[in-house]
Each structure stands twice: as structure tokens, then as C-alpha cells.
Amino acid sequence: MTSYVECISFCSITGHSASTAVMNGGGAHYYSEEESKQDGGGDTDGGEDSNEQEVIVIQDTGFTVKIQAPGTEPFDLQVSPQEMVQEIHQVLMDREDTCHRTCFSLQLDGNVLDNFAELKSIEGLQEGSLLKVVEEPYTVREARIHVRHIRDLLKSLDPSDAYNGVDCNSLSFLSVFTDGDLGDSGKWKKKGSDLEQIDCTPPEHILPGSKERPLVPLQPQNKEWKPMQCLKVLTMSGWNPPPGNRKMHGDLMYLYMVTVEERHISITASTRGFYLNQSTTYTFNPKPANPSFLSHSLVELLSQISPAFKKNFTVLQKTRVQRHPFERIATPFQVYSWTAPQVDHTMDCVRAEDAYTSRLGYEEHIPGQTRDWNEELQTTRELARKNLPERLLRERAIFKVHSDFAAAATRGSMAVIDGNVMAINPGEETRMQMFIWNNIFFSLGFDVRDHYRELGGDAAAHAAPTNDLNGVRAYGAVDVEGLYTLGTVVVDYRGYRVTAQSIIPGILEREQEQSVIYGSIDFGKTVVSHGKYLELLERTSRPLKVQRHNVLNEKDESVELCSSVECKGIIGNDGRHYILDLLRTFPPDLNFLPVEGEELSPESVRQGFPRQHRHRLACLRQELIEAFVEHRYLLFMKMAALQLMQQKANKESKMATLTENSSPEAAVPALPSTENPDASAKSSETSTETLTDEQKTEMDKDNVIPTVTTNGPSVPVATAIQNGECESPLEGKAEAEDSIPGLAQAKELAESLAAEDGSGIDPKSREVVLNACKAVGSISNTSFDIRFNPDIFSPGVRFPEDSVDDIQKQKQLLKDAAAFLVSCQIPSLVKDCLDHSALPMDGATLTEALHQRGINVRYLGNVLEFVDKTPAKAQLEHFYRIGISEMITRCAKHIFKTYLQGVELSALSAAVSHFLNCFLSSFPDAVAHLPADELVSRRKNRKRRNRVPGGGDNTAWASLTPSELWKNIVSEAQSYYNFTLHCENADQVVEKYGLQKITLLREITIKAGIQILIKEYNFDSRHKLAFTEEDILNIFPVVKHVNPKASDAFHFFQSGQAKVQQGYLKEGCELINEALNLFNNVYGAMHVEICACLRLLARLNYIMGDHHEALSNQQKAVLMSERVLGVEHPNTIQEYMHLALYCFANGQLSTALKLLYRARYLMLMVCGEDHPEMALLDSNIGLVLHGVMEYDLSLRFLENALAINSKYHGPRSLKVALSHHLVARVYESKAEFRSALQHEKEGYTIYKNQVGEAHEKTKESSEYLKYLTQQAVALQRTMNEIYKNGSNASIMPLKFTAPSMASVLEQLNIINGIIFIPLSQKDLENLKAEVQRRQQLQESGKSMEELTVDGPLELEDKIPMDVNVD
């Protein structure tokens, strides 16, 4: 990665000027629909997908208008006063009967409405107004938009865009399993009652104990996806553009089509519409044919010419409109699928046009040609944010521009690596080249001009961009007015790392030295500072825990900084203060930074630290800094409190006299004294921050928002400081008591301490605070304040003499933080996995669990060693296995990266398939197949300079062998993770660590961006290779970017969760509904956080007895999870399980089973059968099968669940007791009383030992045992009777009961952690009424602030939400 500023100095030497067009039309840009899909990506249609968000999220019920379109009956449309006219256009372009129109205006009483006007600003528009749709004349641009829109309608059911990862399409398979059962239309088919007709047998590979792991079922074929063909070909004609004399007849462009009936036609798009002309492929005759069928829309024209088109298009649109909107809305960021079927490649004019025109950076249909990304990113930041509506508007604009920028940057990065962009320094060797495309600056992740020589060369240059991105993320989250960062996206593609950044205005015309007015361009040899930057950075220093410090410059003068020296400040031509190169925002990780003469703390040394890392840029994560400060704060409170207690005991009598003449200014640790203005801000920050940490732990428990901690808790911190809410940290702590042992006492003591007014002048109390501050390393003597100096141990940075003590303190603090990671965070992660509050299922969720606790993945080896030494290792087997698989695939990815750099494009699929064969195939000597023309082309190439970055010997990849690759993986694991793997090939790994090849395949393809053909691969054949080059379908980029947050929505969500945890369901439900509204407002309809919101809402609906609503919300959650996270992401699997429960409760048994089987299949593929979550899933399946009287099948699943529970929870756990009980019930239904008794006795024993005789569980179990014994005795009597008297015995009828659905549902609720507290019917009705009232309020547009809850029901009885049985 070249330093951004270096490119700049380079450009100014070559005189390359890139001043860019300022964005036209001020702020209109974000909402103008044509651009809404433009990430620079040339989709002229702005139409169908882009603004469906708005279509769905119309919140405030405003009023109804009538719409009259040509040729259709007038219809009513509900609109809101906040909407723009543009949004009605979107609705019309999506409706079945008007979807074929794009070029029209809306008129009210003959006046044309302005597209960008809000409805409330239009005179005379009111309830019942009639809006007329009036066809407008076409322009070239409108004609293109029309053709593109028609193409999108024709392809609306075609999944190929989702497989190819374009235009934010992604896959979803839920509808395959529900057969439209969960009718949105409200037609609920009750299949449940006809038990006999349900076929409950799962496919063989889903049954417990099955060893086969097929890949094909991952993407079941959807019947709808075999779309009816409406047209064979629709493409631009070769006669374009029209010659001058035809332009003057109104010709805009020519199209060529082949209908299903094989009729070849040529069409003119003119200002008046579309008509047939007389041209053929080889003769140009633009005169209208006879008849010409002039129509304003292509659909009307084609419907007249081709009967098949008319019929099929109608059916297609019906199907399209019936699909759930969540299946077709675009996602905010592209999701790629690692498998795809063989899709036929069809002619597609739009795709072809995109490939050759707009994708190369000039989009003729956007005002101002290209987008000025920097201007857009910074202008959105400057929008007002004083009240909720302003903040929503601002966050929505920021989010939209970010997702557009990420898409444009990704496309640009791919173009750069594919060699389609001209370098701005074409004379230099390829690794040193830099590029500008679409107003974005691209540099490669190599060490150019030895910039990083002292820090680890290319390894450092590869790590710097991600560190820089984390810095951008952190400063962006603090969101200080007046301080600007660059739009930054890091893309890994084909073995290269590309950094894409927005361009500071004017930077390309200046010399490097004169641009940088703060920081250092040579790692601290020369340093400059600037008052304004110090002032701005000072405001970030508190939330980011950065200490202001002095360093020496080349003249030995002391220079004050408030960031690391690498952080550069540049004032752009737009007068904004930019900071860049934020790669050392967070302090260095001393465990991976050996420094001569420095001793680490004993905890670190015991674990074998410090260790040499690949580079010297290893930093601590922001989450770790937060956790460490939190930990120190508790220490501080305890110390101060203890000292005070001692004093209090000594001086009870003296205190009384002191208090009388005291002043109210108290310098108590947490309650800052007034003379320290800093401290008051601090206190507010601590309070919000501790709260968010606590809520984070709450969220981890329910695994709610997957990305909650990416930006750490600094978001709320900043807002609290801005709004000047100063409350004592103690108030915030009230929430956190449960999670931190010993806090309650400290809090009490601190409160007693706060009551001693005398401490203001009592030197003893001051001393208490001073001692506590010193002990925890606070930088202030009067209040708690811990910050880090990011420049400590940076090579080349020198500090002034007078700060020696301070530097010593800072060094100690860093050592403590490094030790804290090893001695506290790693054990706490393992403890969370032992008590199942953290349940990683695959590499991604494991990484997330590490990151949430501030543990970098480079510690993976240590974590695994820690697990290995844990006495309860058997209960962590799943975690250990996922860790090993993650380590192996990450090592393989490191090797694959350099492997790919030497491959030329024509050999790419051969090289990738060869690598996968070496990695996974049992075939001992995998041989690569070189493409036939390889040798010829290489001779020619010798003369030309090799264009591909990296270049080198292009066939070296072919000599890789499996044994060599595995040797490299083992040595990589040793050198990078300090972990010894014992294996020489894939089969040994599978054998020794119990991994599955399919899981390894999934992990490596996702990490490396490989897409493979979906088919059954035979990994274990020793005679045939598993992969051929035909199996490699694509290589995708792996993209890292900033995720802007919806802060207000997030606060509502967190408070809602807290309320629910405390048992106030009604208030919780209200808050979460409000959060959902706000999330929709900011993110549009699709986002992971909305997914978490919907899941929680569905759970609340279910608990409050509204099963129908629960089903509808959970269906949305599943669809969204599939679309945004991926069809087999662990979160998606969980969503499927929840949905199955609600389906069962709604009597849709066969659907519930299908969903559970799907979840089990996915889980088998992602992590195998041996995982604690599998026990829950199998208990669910077993219970449902029991309910439909499939007893033998049911037993297979329940006994498997029992075995897994015993393994992971220990044989004496309550979960195991419950498992025994469930198995006993099935045996009872089969009348096998002996087995039933045996299991129930086991359960009874556990209950008796764990909760005692008097507990209701023990009593229930004992009752059930008596009942079973009676049944068994009765059965025995009957049998004896039969033996004795033969056929004429008088037989007592035995009671064989099929379980009632209610009892099955009750057990399902228990195992899924949902316990109902009986409420009276009246309470429930009040509750429902309250929820409905709430929804009406919401619709009438009142915001949360105006809500006052009245009504008879105060639902104060605590209703526990997630009660785990254990």
C-alpha cells in the first residue's frame, strides 16, 4: 500500500491534475432515484429494486389518492406527506398493471408535479385527489431507462444476478420449504390437522449418524426459477446511433429482437414511443413497417406482435408480484455465494452495454458525469443533527453514500487488478502503480519505495490498510464536527490487496511537504503540529482513549500531538480538516512486539510472549481497550471505597465536625470536582460506555446483533458528550451489576463516599482518590481517566527529557493491557463457551466471538492451547474443532494469496482447481493441467512488459503438490499462530481433529472469494481428482468497509432489550417497534440489525400469544438473514429454528418439519453433528415427530440430543434431565414402559440431586414415574391374563395416548427457553389492545417522544424471556 500522500507528491511531479467536478445540485443527489442504484455502476433504471425500501417503509399513514393510468381503472394508493413524488413513480413502476411504464409524469388538475417535491408541499393535494399518469415524450436517456427496466422485469425471477453477485442481488430459499404456506395474503392453509398425509421421513443424509454430506441440497431448485421465456433476444441493433437525418425524424436508437415464435424484428425507439421499422440485419431501412404498432411502451408493442410474449409476460408479472418483497429488494452491500449451478449464458443487451460503457467510469446518465465521492461523503457528514428527524435524515444519507461508495470501490478494485484501468504512473513497475478511476484513488498492498522497510516490508504493507480502516471506523463513530476522514474500502481480489480511498480536493496539485500540516510523513523523523488539529483531535481523545503527548522533531524541538505520529492532517482546497493514515489509532500490542530491554508482565511471559510477528503494526483492538478501561474502573472504585471504609472506621467521630464546615465541591473518584471540567465529560462517558458494554454482554447472550461491537461503544459516548448529559457513572452501573462480581459492594461504598460532603477539602479523601488514581494508572490525579500514548515503542519516535516518568507509566499501562488480554479475556471467552453463552458455529462466528472480547485472531493458537489445557476440554470439543479448522483455512488462505499472484488470467481456473485438489483431495499426486496454449503465449509475453501486478513465472503454480502445500500450512500455523498442527495431508486432519472436508471447503472458498459449481465432489477418491477447472465458476472480491450505524435506532433497540430482560414486555415491545421504524428509516428495508430486531419482535409476539404476527415477523427475519448474511450463515440456521417453532404453534406441522430438516442439513454442513446447538435442534425435531406419531424416527433424534447434551453439559445437567424426560415420553407412547421408566429415573435422580426433593420439577418427575409404573404393571397384568386364559381372556383396555399438540408445544417452548407466566384472559386482551393502539399511534406519525402510556394494564409482573433450563 502506498502512502496516500506519496501518490500525491508523485502526481504533482508529473503534473497530473485531477480536479473534479463538484456534485451538481447540492444535496439532491442522494435521493434522485436514477442515481439511487448508481454506485457509479450505470444502472439507468433507478427503478425496480432501488427504492423498494421506501415502498415498503411508508410509515405515517397520511392519506389516500386515486391514480388514473392510461388503459387501466383508477385505483387507490396510500401515501404519506413526507414522501416525494418520485416514490409514487417507483410504486407505479413496480405494480403489476403499470410496471411497463417508465416515461410519464404525474399531473394534478393539469399541473405536472415536480419529482423531488414532498407531497405535503404540493398545493391542493389531499385525501381523494385524482393524479393522472400522463405519457411523456422520450429522450435517449429515457429510452435507455425504459429498455433497462423492461429487461429487469423480464429477468425479475431469474436468479443469475444473485449467483453472479451483481447489483446487490442475493439468494433466498425459504419459499422452497414453505410452499407459500406462510401466506402473506392471509390465506392460511391448515395442513396440520390431516396428520396422515404428512410425509415426515427426512432424506437419509439428515438422519443422526449419517456420514454423507451432500452439497447439492444447499441450493434447492425453485420451481419459479425456470422462468417462462417471453423473448429470445433483446439487444441493441448494429445500426445505432441513428444518422443525422433520422435524428431529425425523432429516431433515438434502434433495437433488435427475436420473439419466441422466431420472428426477427427491428424496432425504432423514437420520441413518441416504439415502432417496427423495415431494417434487417444487413440492410438499413428506418421507415415504419406496415403496420408499425406504434406504442408508448415496449411491452404494449411486443404484446401485439407476439402472442407468446403477451401470455408469458402476464404470468411472469403475476408471479413476480406474489413473491415476498424481501426476496427481491436489493441488499445494502453485495453478498456473494460460494456455490452456484451451471447457469445458461444468455444474450443480454443491458449487461453487455454495462460491460463496455459505464463500468469504465463515465456514466452519461448521471448529472456531472462521475460522482464526486469525497464531496458526497463529507457533505452528508455536515448535515444537521440537532433533533431526531435531522439525525435520521443525516444517517440515512451517510449510509446510502457509504453503500454506493463501497460498491463503486469494489468494482474499481476489480478493474484495476484485471488490468482495465490505466495507471497514473505507468512507467513504474506494476507493484508500484497507482490508479484513479471514477474519482477514487487505488493503491496496491505492497511495500513501495521501502516505506515499511523497518516495520516488516510487504507484510506490514498488507496489514496497514486494515489497521487504517479500523482507524477510519473509530474516528467516524466518534463523529466530531469539523474533523474529516477519507472514504476507505479494502478489497482482496485474485491474491492482491487494493485500498480504495476518496480523493482530498486539491491534493493532486500540491507537493507532499506543503500539504501535511500535522503529523509526520517519515514515521516521526520530521514532525509538525497545528493548533486547529490539536483542538479537533482533543475532542476524540477521550472516547478513543488517546493521550496528548509531546515528541521531538528533527531539530530536537518538542511538538505536541494528540494522535500517533503517522496520522497526517491535510487541509483540502475545500477548507476541510482531513486526517489520514490512521493505522496506529490504537496502541501497539506488546505481546507481539519484542523490544530490547523491556520485560513483559509475568502473565504474558508465562504464555511465551513477546513473540516476533510478521510485522510491527500489531495493535490492540478497540474492544480490548474498552474492556481494559472498564476493568480498571472497577478496580479504582473498589480501591477508593476500601480506603474510605478504613478511614471511616478510624474517624467516625471527627467526620461529623468536618461535615458542618464543608463545601459542596467534592473530589470523589466518580463524581468529578467542578474545577476539573474534563472530568465531567469523562463521567458522562464512562456511564454510557459501561452501559453499552453491559448491554453488549446481554446481546452476546442472545447473540443478537452480529455486528454490534464493530465500532465498539464509542458511538453512544460521543452523543452523550454532545448532548452534555452528565450523570455519574454509578447510575449507568446500576444496569451492569449482574455481570461484574463484587460491584454491588463497591457501589454501596462509593455512594457512602459520595455522601461525605467533606471530602472536598478533606485532604485524606483527596489522598484516597490520588492513591486509587495512581494504582490504576489514571492520567489525572483527581478523577479516573485512562488513556494510551499510541507512539510508545514506535521506531523513530523520540520523546522529550521531561516526560520520562510519564512514558514509563504509559509503557507499564501497555504491558498491563497486553497481560489483561492473555490473563482475563482469553479465559473469559473459554468460560463463555463452557457455559454456552458464546456458541460459535463456524469460522466467522468464532472470529466474531474473539473480536467482541478484544482478542485478535493472531491469538488463535493461544486460545486453542488454553482450551487444550482446560480440565473440561471434552465439553469444548466443538470450539476446539472450529478453531483448528479456522487456523488451517486461514493458513491456506495466506498461501493461496501469494500462489494466485503468479497466475495469469488464462490459467486462473486451472490454478484454483489445482490448489483445491492439493488442499482437500485424497488423490496423492494431484497434477495440474496447463492450458494447451500456455507455452506459445509465454514466448510472446517475454518481450512485452507483463501487465499483471506481480508478474513472474506464470507456470510455477503448476508444480505445487499436496504434501508440499500441507507442509506449508503446518509451518505457517507454527510461525503465525505458534501452534503445532500434526498432519501431512487432508485425510490426516480429518482423522485427527474430526473435521469435515465439506466444512473446510466452505471456509476456504468464502475466505478466498472462490465460487465453485454446486455438485457432489468426491474428495476421498484416490484415483481421481476432486476438482476440475470446469468446477471453478468465479473469483469474487472480499471487501472490508465501514458500517455506518443508526445510533438512535440502536439506543431504542438496546433499551427495548433491557426492558424485556427485566420482564416488562409491553414497554420492551414498544421500544423495539420504534427501533424497527428508525432502522428502516436509516438502512432501508434490508440490514442485519433489522434482522435482529424482527427476531426479537417475533419472540415477543409469540410470548404475548400473537402467533400469527410472530410467524410473519420471523418469516421476514429468515428471508433477511438469508439475503444479508448468506443462506447457510449460523444466524440463518437459528432463524430457521425459531420459524419452525412458530409454524408448529400455528398448526403448520409439515412446514415446521421441513424447516427443521433444512436447519439440520445446514448445520451438518457448517459444523457437523457434534455441536451443542445440534442437541437443541434434534430435541425440536424429535418433539415434532413425536407429535405426528412417528415414534421410531422421533427416538433417533431425541436419543442423539440426549447424547450430545450429556457430552457438552455434563451428565448431571438439568438439560440432560429434560432430554431423559423427552425420550421417556416417546417410549411411553410406544408402550415400552421399561425403557421409559429407565430414562425417567435418570431424570428424576438429576433433579433430586440438583434442585432438591421439594422443587416442582422433582415432584413432576416423581408423579410421572408413578404413572409409568402403574401403566407398566397394568400392561404386565394384561399380558399375564392372555398367557393364562388364551383367547377368551377379559382384557382391560390400555390407555395408549398420542401426545396432544398442546403438550408437545409446551415442551417445545421449554427447550427453546420460553416460559409463560399464566396471565388472565383480561390481561392478555388489554395487552393486545395496547399493542394495537401503539401501532395506530405509530401510523399517525407520532414519534416516541410524544407517547404517554395510559390504559389499565401495567404489566409489571416479571415475565422471564430467555430462561435457559440449565
Side-chain angles (χ1 to χ4, degrees), residues 388 687-705 708 713 715-716 719-720 725 727 731-739 837 1046-1080 1089-1106 1109-1110 1113-1114 1117 1138 1313-1317 1319 1323-1324 1326-1335 1337-1338 1342-1364:
L388 185 66
S687 68
T688 41
E689 164 201 307
T690 47
L691 224 125
T692 41
D693 262 19
E694 154 61 7
Q695 285 164 337
K696 259 170 24 195
T697 43
E698 289 298 351
M699 298 185 81
D700 297 350
K701 282 179 202 159
D702 199 21
N703 195 355
V704 180
I705 290 193
V708 54
V715 191
T719 46
E725 304 156 2
E727 47 187 331
E731 292 168 45
K733 299 301 303 180
E735 307 272 326
E737 270 162 33
D738 321 334
S739 59
S837 54
S1047 49
D1048 288 290
F1050 192 55
H1051 287 315
F1052 274 114
F1053 183 69
Q1054 286 188 315
S1055 343
Q1057 268 189 312
K1059 283 283 181 220
V1060 169
Q1061 297 280 349
Q1062 296 159 18
Y1064 303 123
L1065 294 196
K1066 186 182 59 170
E1067 289 91 332
C1069 203
E1070 286 176 355
L1071 286 165
I1072 286 170
N1073 259 316
E1074 186 63 26
L1076 183 61
N1077 265 338
L1078 301 184
F1079 276 136
N1080 274 325
E1089 292 179 16
I1090 299 181
C1091 190
C1093 218
L1094 284 165
R1095 175 204 310 168
L1096 191 48
L1097 210 50
R1099 200 168 171 118
L1100 287 173
N1101 293 141
Y1102 182 69
I1103 287 181
M1104 289 153 78
D1106 191 345
E1109 192 60 21
N1113 278 326
Q1114 187 58 32
H1138 294 309
I1314 295 174
I1315 290 181
F1316 291 95
I1317 304 292
L1319 288 174
D1323 281 353
L1324 274 175
N1326 289 341
L1327 193 59
K1328 275 189 188 156
E1330 182 54 48
V1331 172
Q1332 279 165 357
R1333 194 179 74 89
R1334 168 86 199 89
Q1335 280 165 347
L1337 266 175
Q1338 194 178 302
K1342 292 188 186 165
S1343 78
M1344 197 63 200
E1345 283 115 55
E1346 301 158 27
L1347 255 184
T1348 48
V1349 179
D1350 44 359
L1353 173 67
E1354 285 305 315
L1355 196 87
E1356 300 287 307
D1357 18 345
K1358 307 243 172 175
I1359 302 191
M1361 255 294 291
D1362 297 311
V1363 183
N1364 283 327

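Side-chain atoms are counted along with the backbone in the values below, which use heavy atoms only and exclude waters and symmetry mates.
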Please report the interatomic distance [atom1]([X]) to [atom2]([Y]), rounded to the nearest 0.5 Å.
| X | Y | atom1 | atom2 | answer |
| --- | --- | --- | --- | --- |
| L1096 | C1091 | CG | SG | 11.5 Å |
| I1314 | H1138 | CD1 | NE2 | 8.0 Å |
| E1074 | L1076 | CD | CG | 9.5 Å |
| L1065 | L1100 | CG | CG | 6.0 Å |
| N1101 | L1094 | CG | CG | 10.0 Å |
| I1072 | E1067 | CD1 | CD | 11.5 Å |

For A1098, give me all partners under side-chain contact (heavy atoms from CB on, under 4.5 Å), at least two apart in sequence or on another chain.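 For A1098, the residues satisfying side-chain contact (heavy atoms from CB on, under 4.5 Å) (neighbours in sequence not counted) are N1113, Q1114, Y1142.
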Please identify each residue that fulfils side-chain contact (heavy atoms from CB on, under 4.5 Å) with A1046, with sequence neighbours left out.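 For A1046, the residues satisfying side-chain contact (heavy atoms from CB on, under 4.5 Å) (neighbours in sequence not counted) are E395, A1049, F1079, V1082, Y1083.
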Minimum heavy-atom distance between G1313 and R1099, given as atom pair plus value: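 Result for this residue pair: O-NH2, 3.6 Å.
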Identify the two heavy atoms, one from F1052 and one from A1075, that lie closest to each other, and give their separation to 0.1 Å.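 Heavy-atom minimum between the residues: CB-CB, 3.7 Å.
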